[in-house]
Protein chains: 2
Amino acid sequence: MTRLKGRVTLATVAGSAGVSVATVSKVLNGRSDVSPATRARVQEILEKHGYVGRRPEPARRETIELFYQGVLNAYSVQVIQGVVEAGQAAGVDVVLNAHPPHPQASSSGRAAPWIRDIIGNSRQAAIGITSQLADADLAALARARLPLVVVDPANIPQPDVTSVGSTNFAGGMAAAQHLLSLGHRRIGYIGGQPTSACNQARMSGFRSAMDSVGVEVPSEYIWLSDFLYDDGVAGGSAMLDLRNRPTAIFAGSDEVALGILEAARARGLRVPEDLSLVGFDDTEVARLASPPLTTVRQPLREMGAVALRTALQLAAGEQVSSHHVELATTLIVRGSAAPHELSSVAAS
Amino acid sequence: MTRLKGRVTLATVAGSAGVSVATVSKVLNGRSDVSPATRARVQEILEKHGYVGRRPEPARRETIELFYQGVLNAYSVQVIQGVVEAGQAAGVDVVLNAHPPHPQASSSGRAAPWIRDIIGNSRQAAIGITSQLADADLAALARARLPLVVVDPANIPQPDVTSVGSTNFAGGMAAAQHLLSLGHRRIGYIGGQPTSACNQARMSGFRSAMDSVGVEVPSEYIWLSDFLYDDGVAGGSAMLDLRNRPTAIFAGSDEVALGILEAARARGLRVPEDLSLVGFDDTEVARLASPPLTTVRQPLREMGAVALRTALQLAAGEQVSSHHVELATTLIVRGSAAPHELSSVAAS
DNA sequence: GAGAGTTTCGAAAACTTTTCGATAATTGCT
DNA sequence: AGCAATTATCGAAAAGTTTTCGAAACTCTC
């Protein structure tokens with residue numbers, strides 16, 4: 001109904017409410033010279049007819065905020081690309097912004113300034129990359145009815161935060177199985193913080209695969225700090241200096257793998273002849289590395305695209321089927337992992 | 001003046017500008033069916049009369065469009081970061097968008113669709129990363145009075161395009177001098193397209209440094225295709241298979257350097273022991289490479305920040321002192337270039 | 001150089017807001 | 001109560017703005 005002819009206009013509402021066009025206009029603009037009773041009635045009719053002004057919004061495009069933590073790396077770039085591409089397809093603007101690394105949960109219940117900015121700038125939705133938000137931040141966003149989608153949230157997925165991830169556990173298993181199938185038995189893992197959800201999943205997948213073939217993982221074969229290059233160098237150095245060093249290492253990220261690569265090179269160890277390496281993420285650096293990294297691919301662009309589409313759905317008030325979506329990981333075989341025979345031959 | 005009677009209205013402006021009320025309204029709302037000349041004139045009159053709408057809009061934030069070509073790489077990421085940081089400082093939104101690689105100068109004089117989008121979305125300014133725009137695109141932007149700043153434009157800097165670059169020539173010289181000072185004499189160059197301005201500058205700087213110490217550069221020591229990994233592999237392979245292969249190579253980009261690194265590894269050549277390598281850009285991958293790349297640093301973040309500030313100046317109608325700014329390059333010494341003695345010892 | 005398509009523009013129509021006068025309701029005063 | 005003054009409410013008309021639509025001018029193509 002109310003669609004008999006064209007758009008709903010002030011005249012439509014005025015007719016339906018039995019008042020003049022001017023009065024309806026006054027109600028819309030909160031003028032004082034309208035009696036409360038009339039105002040209420042007009043407002044009801046407005047609602048009923050779903051009146052929207054001539055220009056619902058001042059012709060401004062929908063805008064979603066994409067934020068990253070601290071600095072951009074090879075990982076975030078892929079996600080950003082996915083978000084931007086999906087944003088173009090959907091005809092929304094993607095505003096990119098950085099936010100300080102870890103506001104360290106301000107004791108007060110106030111949201112961080114940059115969160116308040118997002119709200120104040122009236123975005124349709126926000127997308128975070130591996131972000132860890134304080135409860136106050138989440139509460140502020142919820143109050144403002146501003147949907148949030150996090151790609152690969154750093155902390156354990158909370159039920160009230162929509163998130164997009166990948167099958168980290170399966171990826172960890174795939175990496176371990178690949179190395180096992182190449183004949184390796186002494187396999188180390190160098191990954192991120194023990195509190196990080198994706199690190200836990202990757203390591204659990206790794207452990208699970210190792211367990212299922214009855215291979216022990218000694219504690220000195222596990223090194224956890226962060227997913228960064230320097231952590232790879234440190235962990236790799238420690239592990240390669242062991243009397244009984246591993247013949248293969250599964251790195252929790254490509255950046256870590258590159259750090260291990262450097263630690264190996266510094267010791268005159270060649271990859272993959274003397275040490276097999278499997279990374280995680282399949283960022284650009286995996287392809288550019290020498291040797292190119294065998295790695296577990298996270299479909300980061302797709303994850304970004306899914307995050308954007310989910311954010312738009314939430315912004316449109318639609319329900320999403322699941323608060324957490326995981327896309328499949330794939331093992332990408334390049335040149336950094338080789339059969340164990342090679343390394344034993346070289347060692348002998 | 002113009003206050004003879006009551007408020008300044010569309011009719012006032014229309015009369016003063018000699019156009020219809022409708023046209024003024026269209027200018028105000030950024031409609032497309034107004035010629036640039038008319039738009040400019042009306043805008044000027046609007047300004048002069050200090051026209052304010054009946055209800056001032058809720059002050060939307062300034063928005064600048066940052067666009068990249070095709071895919072994001074380690075290079076663009078640094079620039080993006082600089083733009084985003086400067087944008088935050090200036091309180092403007094940075095909208096990120098991709099555009100198709102090379103529309104190949106559509107024969108017609110029409111601007112590319114994505115350019116029309118930028119104009120239609122009424123950005124305050126646009127920033128391109130290594131973009132090559134067709135004349136029609138530039139003309140369309142100029143007509144819409146939309147300032148454009150290009151970071152490291154792919155083609156020769158045109159006088160009517162504001163651009164930000166770095167001292168490529170000096171960087172090329174610095175790279176060559178570094179390798180020369182390490183005792184190298186057989187030095188190759190693998191870089192981008194001969195038509196690319198920055199490639200020309202880098203290679204000229206390289207050649208100039210070589211000339212000034214009287215060292216010849218045989219033609220087979222020069223390889224030009226693109227600034228990509230695969231080009232590094234191809235060029236590196238060709239050059240390293242020469243009977244009299246170079247002892248050092250200056251790569252026109254870090255990505256090319258990584259390709260050369262891989263070509264060397266495939267031939268059992270070690271870097272820097274058997275081959276010294278100097279990259280260009282100092283993107284993240286230079287730090288992550290194994291060995292870490294000695295490279296010529298372009299201050300990409302600063303370049304991005306300068307581009308944004310310049311764009312805002314232009315948007316504010318200010319004159320900029322120069323249409324092309326070059327920031328200084330710096331040689332970053334890491335581990336991929338070593339004294340020539342080492343390699344001759346290894347060779348003997 | 002005709003034809004098809006595009007761009008530019010203003011008159012008129014459509015829509016919204018404001019002004020201002022009419023009317024009714026309320027208050028103040030005797 | 002009766003009457004005047006005040007106030008509240010409302011809509012017609014005016015004012016202001018945006019959109020539609022057709023005409024004219026221009027451009028590109030064959």
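Chain A is the first sequence line, chain B the second, and so forth, proteins listed ahead of strands; every chain is numbered from 1. Not measured: the values here are computed from a predicted model.
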Identify, with sequence neighbours excluded, every residue that meets side chain to side chain contact (heavy atoms under 4.5 Å, CB included) alongside B:Ala307. B:Ile127, B:Val149, B:Val151, B:Val164
Taking any heavy-atom pair under 4.0 Å as a contact, classify B:Thr9: base, sugar-phosphate, or nothing. sugar-phosphate
Quick test: give all pairs of protein nitrogen or oxygen and nucleotides 9-12 of chain C nitrogen or oxygen below 3.5 Å, distance rounded to 0.1 Å.
{"unit_1": "C:dC9", "atom_1": "OP1", "unit_2": "B:Ser35", "atom_2": "OG", "d": "3.1"}
{"unit_1": "C:dC9", "atom_1": "OP1", "unit_2": "B:Thr38", "atom_2": "OG1", "d": "2.4"}
{"unit_1": "C:dC9", "atom_1": "OP2", "unit_2": "B:Ser35", "atom_2": "N", "d": "2.5"}
{"unit_1": "C:dC9", "atom_1": "OP2", "unit_2": "B:Ser35", "atom_2": "OG", "d": "3.1"}
{"unit_1": "C:dC9", "atom_1": "OP2", "unit_2": "B:Thr38", "atom_2": "OG1", "d": "3.2"}
{"unit_1": "C:dC9", "atom_1": "N4", "unit_2": "B:Asp33", "atom_2": "OD2", "d": "3.3"}
{"unit_1": "C:dG10", "atom_1": "OP2", "unit_2": "B:Ser20", "atom_2": "N", "d": "3.3"}
{"unit_1": "C:dG10", "atom_1": "OP2", "unit_2": "B:Ser20", "atom_2": "OG", "d": "3.3"}
{"unit_1": "C:dG10", "atom_1": "OP2", "unit_2": "B:Thr23", "atom_2": "OG1", "d": "2.3"}
{"unit_1": "C:dG10", "atom_1": "N7", "unit_2": "B:Lys26", "atom_2": "NZ", "d": "3.3"}
{"unit_1": "C:dG10", "atom_1": "O6", "unit_2": "B:Lys26", "atom_2": "NZ", "d": "2.5"}

If we count only N and O atoms by modelled type, under 3.5 Å, do the side chains of A:Ser20 and A:Thr23 hold a donor and an acceptor together? yes
Whole angstrom is fine here: how far is it from CG in A:Leu10 over to C1' in D:dG16? 14 Å
Would you say CD of A:Glu47 has more than 12 non-hydrogen atoms from neighbouring residues, nucleotides or ligands within 6.0 angstrom? no
Please determine, by modelled atom types, if A:Ser35 and A:Thr38 share a side-chain donor-acceptor pair under 3.5 angstrom. yes
Please tabulate, for side-chain N and O atoms in residues 84-95 of chain B, each donor-acceptor pair with protein atoms closer than 3.5 Å (sequence neighbours left out).
{"unit_1": "B:Glu85", "atom_1": "OE1", "unit_2": "B:Arg301", "atom_2": "NH2", "d": "3.4"}
{"unit_1": "B:Glu85", "atom_1": "OE2", "unit_2": "B:Arg301", "atom_2": "NH2", "d": "2.7"}
{"unit_1": "B:Gln88", "atom_1": "NE2", "unit_2": "A:Asn97", "atom_2": "OD1", "d": "3.2"}
{"unit_1": "B:Gln88", "atom_1": "NE2", "unit_2": "A:Ala98", "atom_2": "O", "d": "2.5"}
{"unit_1": "B:Asp93", "atom_1": "OD1", "unit_2": "A:Arg123", "atom_2": "NH2", "d": "2.8"}
{"unit_1": "B:Asp93", "atom_1": "OD1", "unit_2": "B:Arg61", "atom_2": "NH1", "d": "2.7"}
{"unit_1": "B:Asp93", "atom_1": "OD2", "unit_2": "A:Arg123", "atom_2": "NH1", "d": "2.9"}
{"unit_1": "B:Asp93", "atom_1": "OD2", "unit_2": "A:Arg123", "atom_2": "NH2", "d": "3.2"}

Is the NZ or CZ atom of B:Arg202 both under 6.0 Å from the centre of the six-membered ring of B:Phe169 and within 45° of that ring's axis? no
Separation of D:dT7 atom P from A:Arg31 atom CZ, nearest Å, is 20 Å
Could you tell me whether the phosphate oxygens of D:dG16, OP1 or OP2, come under 4.0 Å of any side-chain nitrogen or oxygen in B:Tyr51? no
